[in-house]
Number of protein chains: 2
Amino acid sequence: MKTHTESEENYIKALYHLGGDNPVSNGDLAHRIGAKGSSVTQAVKRLSQKNLVTVVPYKGVQLTEDGVQLAKSILRKHRLWETFLVDTLGFGWDQVHPLAEQLEHVQSEELVERLSNFLGAPKHDPHGDPIPQPNGQMPPVLGEPLGAFAKGHTIKVVRVEDAGSEFFDQLDAMNINLGNTYDVEAISSFDASVQLKAPSGHTIWLSHSMCVNIYAVSA
Amino acid sequence: MKTHTESEENYIKALYHLGGDNPVSNGDLAHRIGAKGSSVTQAVKRLSQKNLVTVVPYKGVQLTEDGVQLAKSILRKHRLWETFLVDTLGFGWDQVHPLAEQLEHVQSEELVERLSNFLGAPKHDPHGDPIPQPNGQMPPVLGEPLGAFAKGHTIKVVRVEDAGSEFFDQLDAMNINLGNTYDVEAISSFDASVQLKAPSGHTIWLSHSMCVNIYAVSA
DNA sequence: CTTTTAGTTTAGGTAAAACTAAAAATTATT
DNA sequence: AATAATTTTTAGTTTTACCTAAACTAAAAG
């Protein structure tokens, strides 16, 4: 396994995020990376020389098999570090992303596997996102948006979207955490907001904007 | 607190290692960093523009107060990560240095302090080296070389020098760890080797080369 | 007191990774 | 189909960080 620069890894990560193994446009990639299109053109040229991507000029960039594999290994590291930061060091889930972005570039297979082991070989990170396994296999993406459940169901929160710190603040304010269970009391036909009852008896109302970022399974 | 490149941080670390706040020659610095003298000349020029070092051409480079402070904060991170890798993840002490060199560049005050807290705010790392405290204070450098103890003393191993992986392998083979206690049975007047008796009754002989890298206190 | 030598600096070059500005190709619109 | 709008690429520049080769400084040896 060769070593890659942080910049390279960031491009690979962005490509995987935007398209998986499908082609991605120069512009979308530039926007995601936060660089100008011209910088991206050069960067992907370097990546294609390392056989991490295939480039069709004016058409798009696409991860190769090697590229996808690298992307998954970076994502694995990222999500394991996030798990460590939240579960072991007690960070809030809104704080961990930028830190994991730095930690994910540390190069050591053994470190990743020891970390995974220490954490109990988790399959999902603190946001409920699947952690790619060492063999490249992806655990299932859990849950359905809250709005998908009819009145009367009992549900368990299993995943939240990374929708910015204000969203996470709101979750904290409402004391909503992964694993919490609720009864769906009502779904507004006016604004698609949802009314939930916690086991404690407390009732909370969630706006549609909140609901689409919270995923659950029936429990 | 500004952010620095990894290269910058490596130069600061090397300067601190070689001379503390005393001047260091271009050549020594080049050797330590593993670059050519010319590269060092340019690098320290960049550092002096950031007021991290003072340079007197042909004479030497010296850390400023800011430089020393930065050096200590990097060393703090390095040694806390080493402690984490050994105590929490179970790495051997010969494996952790290159990993800590990567982890020490992660930028986050809060991460360092949470890590320290998780580890029990240690004052010394797995090799017994002092961990600089958040205020810059340095805990004591523990112990004296094994050869300094006379026959009949009971000693406790508190620190080992980083003298390469063969040295660590030898320590492992002899099952010598920090905190172990021994009785000094004899010191050879021929080759300065030392004979120790473990509480288990086992006797071990340490060559002079081993002794000078192992530090102890009387116990 | 000159010469040699060891160490250091300058000068010039390469590569990664970003940028701006302008040209070329693609896509959309009349 | 021709032109307008958008996207992408090319060309040239900047910064960091390394390199080699040549020039310079300081100190020791002759």
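Letters go in sequence order (proteins before strands), and every chain restarts at 1.
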Reckon [X] has a side-chain N or O less than 4.0 Å from the OP1 or OP2 of [N]?
X	N	answer
A/T5	C/dA16	no
A/R46	C/dA17	yes
B/S38	D/dC18	no
A/K36	C/dT20	yes
A/K59	C/dT26	no

Take the protein atom [atom1] of [X] and the nucleotide atom [atom2] of [N], then report the distance between them rounded to whole Å.
X	N	atom1	atom2	result
B/K45	C/dT8	NZ	C1'	11 Å
B/Q49	D/dA17	CD	C1'	14 Å
A/N10	C/dA17	CG	P	10 Å
A/H4	C/dA15	NE2	P	19 Å
B/L29	C/dG7	CG	P	15 Å
B/Y58	C/dT9	OH	P	6 Å
A/I33	C/dA16	CD1	C1'	15 Å
A/L47	C/dA16	CG	P	11 Å

(message) Within the 4.5 Å heavy-atom criterion, are A/V55 and A/Q62 side-chain neighbours or not?
(response) no

(message) Quick check: do B/W93 and B/N177 have side-chain heavy atoms less than 4.5 Å from each other?
(response) yes

(request) Tell me what B/G27 touches on the nucleic acid: a base, only sugar-phosphate, or nothing, going by heavy atoms under 4.0 Å. (result) sugar-phosphate

(request) Answer with base, sugar-phosphate or nothing: what part of the nucleic acid does A/S7 contact at a heavy-atom distance below 4.0 Å? (result) sugar-phosphate

(message) Ring centres under 6.0 Å, that's the criterion: do B/F168 and B/H127 meet it?
(response) yes

(request) Take A/F167 and A/I214 through the side-chain contact (heavy atoms from CB on, under 4.5 Å) test and state the conclusion after the steps. (result) CA-CA 10 Å; A/F167 171 62; A/I214 302 174; 4.0 Å; yes

(request) Measure the acute angle between the ring planes of A/F118 and B/F118, then classify it against the limits of 30° and 60° as parallel, tilted or perpendicular. (result) perpendicular

(request) From the options C/dA17, C/dC19, D/dA17, select the nucleotide whose nearest atom is closest to the side chain of B/Q42. (result) D/dA17

(request) Select from B/D28 and A/P57 the residue whose nearest nucleotide in DNA chain C is closer to the 5' end of that strand. (result) B/D28

(message) Using a distance-only criterion (donor-acceptor N/O pair, under 3.5 Å, no hydrogens), is the base of C/dT10 paired with the side chain of B/T41?
(response) no

